[in-house]
Amino acid sequence: MKRREFITLAGGAAAAWPLAANAQQKAKLPHIGVLNPGSADTPGTAGFYDGLRALGYAEGSNIAIERRYGDWNTDRFQQLAADLVRLKVDVIVVISTSPARAAKQATSTIPIVVGGMADPVGDELIASLSRPGGNITGTTFLGPELIAKRFGLLKDAIAELSRVAALWHPAAYGKRTMDGMLKETETAAQSLGLQLQLVPAQDPGDLDAAFITITRGRADAVILLPSPMLYGEHKHIVELAANSRLPAMYAAREFVEDGGLMSYGASLPDLFRRAATYVDKILKGANPADLPVEQPTKLELVFNLKTAKELGLAVPRQFLSLADEVIE
């Protein structure tokens, strides 16, 4: 080989070394697979990424993230979960229960962290909150347990309330959990002497028609049962409620911040920030079977006084004193 050719080859190889080293470094980064049931990230999902950053993780620097979106199509969840398993990610992070069930079917070995589960035991994701067992752990927002409380608060705010529509998403969680939520809803309405109208919405495209049904049913107010899909569509739902001049009780404060009347529940971004700590522990060697599922430590009542005035509601001063935050 001529000297000039040798120098050229050596120079080309040297130039390629940093690229090869960079590719090798990326290949060694911990990989997280994020399975989101919707078509975009929600405020809750943003909380997870905030949690990672607070723990010192930077995407592309010391961690790699593979994102998959289900577009609210439950038939796709199994395929997306299997895709993340094929990629051999180190941890699968799942946004809500339905895709978590698909992830559980896809793998029994890769750790799975689920943020914002409704009833993880009832949905057969884990054995118990304190000892999950298997490969799944995460956080729960107390889905069915808070329904009666929300009905009571809605009645306290609107004394003349007599007819309530409950908007619900049938595919939000497992059958056992959804049956439990509907039973709690019916029991809560009956105990307060309220006439109940149950209105389902299978996907975002059903929401406009659902509010037409609610309006035709002459509801005095609407209450949303917990659902990742309804949460993801919170801006649209608040707009529909405003156009229908319907007071509404929600499960998350993001609805109220965007103009909804009131909400009671846990902070979903906070729960997802906690989910990031599970990922950190697992990447450092913890076994998900030994990591207890966390429940929210604080529930907050948020009320939008401006919206109440626009709806012509005379809200008792005593009720407003109960609110953790009043938006004026």
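Values below: all heavy atoms of this structure, side chains included; hydrogens, waters and symmetry mates excluded. Heads up: numbering here begins at 1 and tracks the sequence.
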Treating Ile, Leu, Val, Met, Phe, Trp and Tyr as nodes and any side-chain heavy-atom pair under 4.5 angstrom as an edge, say whether [X] and [Y] lie in one connected cluster.
X	Y	answer
Val279	Leu55	yes
Trp72	Ile95	no
Leu268	Ile223	yes
Leu261	Val256	no
Val222	Tyr231	yes

Rounded to the nearest 0.5 Å, how far does [atom2] of [Y] lie from [atom1] of [X]?
X	Y	atom1	atom2	result
Ile65	Ile32	CD1	CD1	5.0 Å
Glu239	Ile237	CD	CD1	11.0 Å
Tyr173	Trp168	OH	CH2	13.0 Å
Gln197	Thr213	CD	OG1	7.0 Å

If only atom types and distance count, is the side chain of [X] paired as donor or acceptor with the main-chain N or O of [Y] below 3.5 Å?
X	Y	result
Lys281	Asn287	no
Thr187	Lys183	yes
Ser321	Gln318	yes
Asp71	Asn73	no
His236	His234	no
Arg131	Pro292	no
Lys155	Leu161	yes
Arg245	Glu310	yes
Ser61	Ala58	no
Asp206	Gln202	yes

Taking all atoms of both residues into account, what is the closest heavy-atom pair of [X] and [Y], and its distance?
X	Y	result
Asn135	Thr109	ND2-N, 3.9 Å
Ala201	His169	O-CD2, 3.2 Å
Ala172	Met178	CB-SD, 4.0 Å
Thr74	Ala171	CG2-CB, 4.0 Å
Ala103	Ala81	CA-CB, 3.7 Å
Ile282	Val113	CD1-CG2, 3.6 Å

Could you check whether [X] pairs with [Y] (Lys NZ or Arg NE/NH1/NH2 to Asp/Glu carboxylate O, under 4.0 Å)?
X	Y	value
Lys175	Asp179	yes
Glu233	Lys235	no
Lys306	Glu328	no

task = Determine, step by step, whether Arg253 and Glu325 satisfy the salt bridge (Lys or Arg N to Asp or Glu O under 4.0 Å) criterion, reporting the C-alpha distance in whole Å, the side-chain angles of both residues, the deciding distance to 0.1 Å, and the verdict.
result = CA-CA 10 Å; Arg253 66 175 296 131; Glu325 182 177 347; 2.5 Å; yes
Side chain to side chain, [X] and [Y], heavy atoms closer than 4.5 Å:
X	Y	answer
Phe151	Thr185	yes
Leu246	Ile214	yes
Tyr264	Lys149	yes
Leu153	Met249	yes
Val91	Tyr278	no
Leu194	Arg163	no
Ile212	Thr215	no
Leu283	Asp90	yes

ask   = Among Ser96, Pro99, Ser98, which one satisfies side-chain contact (heavy atoms from CB on, under 4.5 Å) with Pro228?
value = Ser96
request  = Applying side-chain contact (heavy atoms from CB on, under 4.5 Å) between Met262 and each of Val302, Leu154, Ile158, report the one that passes.
outcome  =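 The single option meeting the side-chain contact (heavy atoms from CB on, under 4.5 Å) with Met262 is Leu154.
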request  = Give the intermediate values and the outcome of salt bridge (Lys or Arg N to Asp or Glu O under 4.0 Å) for residues Asp123 and Arg176.
outcome  = CA-CA 7 Å; Asp123 281 324; Arg176 180 175 169 183; over 6 Å; no
message = Regarding Ser162 and Asp220, do their side chains bring together a donor and an acceptor under 3.5 Å, going by distance alone?
response = yes
ask   = Taking the hydrophobic residues Ile, Leu, Val, Met, Phe, Trp and Tyr, and joining any pair whose side-chain heavy atoms are under 4.5 Å apart, which ones share a cluster with Ile92?
value =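 Leu35, Leu80, Leu84, Val85, Leu87, Val89, Val94, Ile110, Ile112, Val114, Met117, Val121, Leu125, Ile126, Leu129, Ile136, Val293, all in the cluster of Ile92.
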query = Just wondering, are more than 12 heavy atoms of other shown residues or ligands nearer than 6.0 Å to CZ in Arg68?
reply = yes
query = Given Tyr49 and Asp41, is the side chain to side chain contact (heavy atoms under 4.5 Å, CB included) satisfied, shown in steps?
reply = CA-CA 10 Å; Tyr49 296 125; Asp41 291 328; 3.9 Å; yes
request  = Starting from the C-alpha separation in whole Å, work towards a yes-or-no answer on salt bridge (Lys or Arg N to Asp or Glu O under 4.0 Å) for Glu66 and Lys88.
outcome  = CA-CA 11 Å; Glu66 292 285 344; Lys88 298 181 179 180; over 6 Å; no
request  = Compute the ring centroids of Phe303 and Phe319, then answer whether they are less than 6.0 Å apart.
outcome  =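 Between Phe303 and Phe319, the centre distance is under 6.0 Å.
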task = Would you please indicate yes or no on a ring centroid separation below 6.0 angstrom for Phe255 and Tyr250?
result =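 Yes, close enough.
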request  = Walk me through it: do Leu225 and Ile147 pass the test side chain to side chain contact (heavy atoms under 4.5 Å, CB included)?
outcome  = CA-CA 7 Å; Leu225 301 195; Ile147 289 175; 4.3 Å; yes
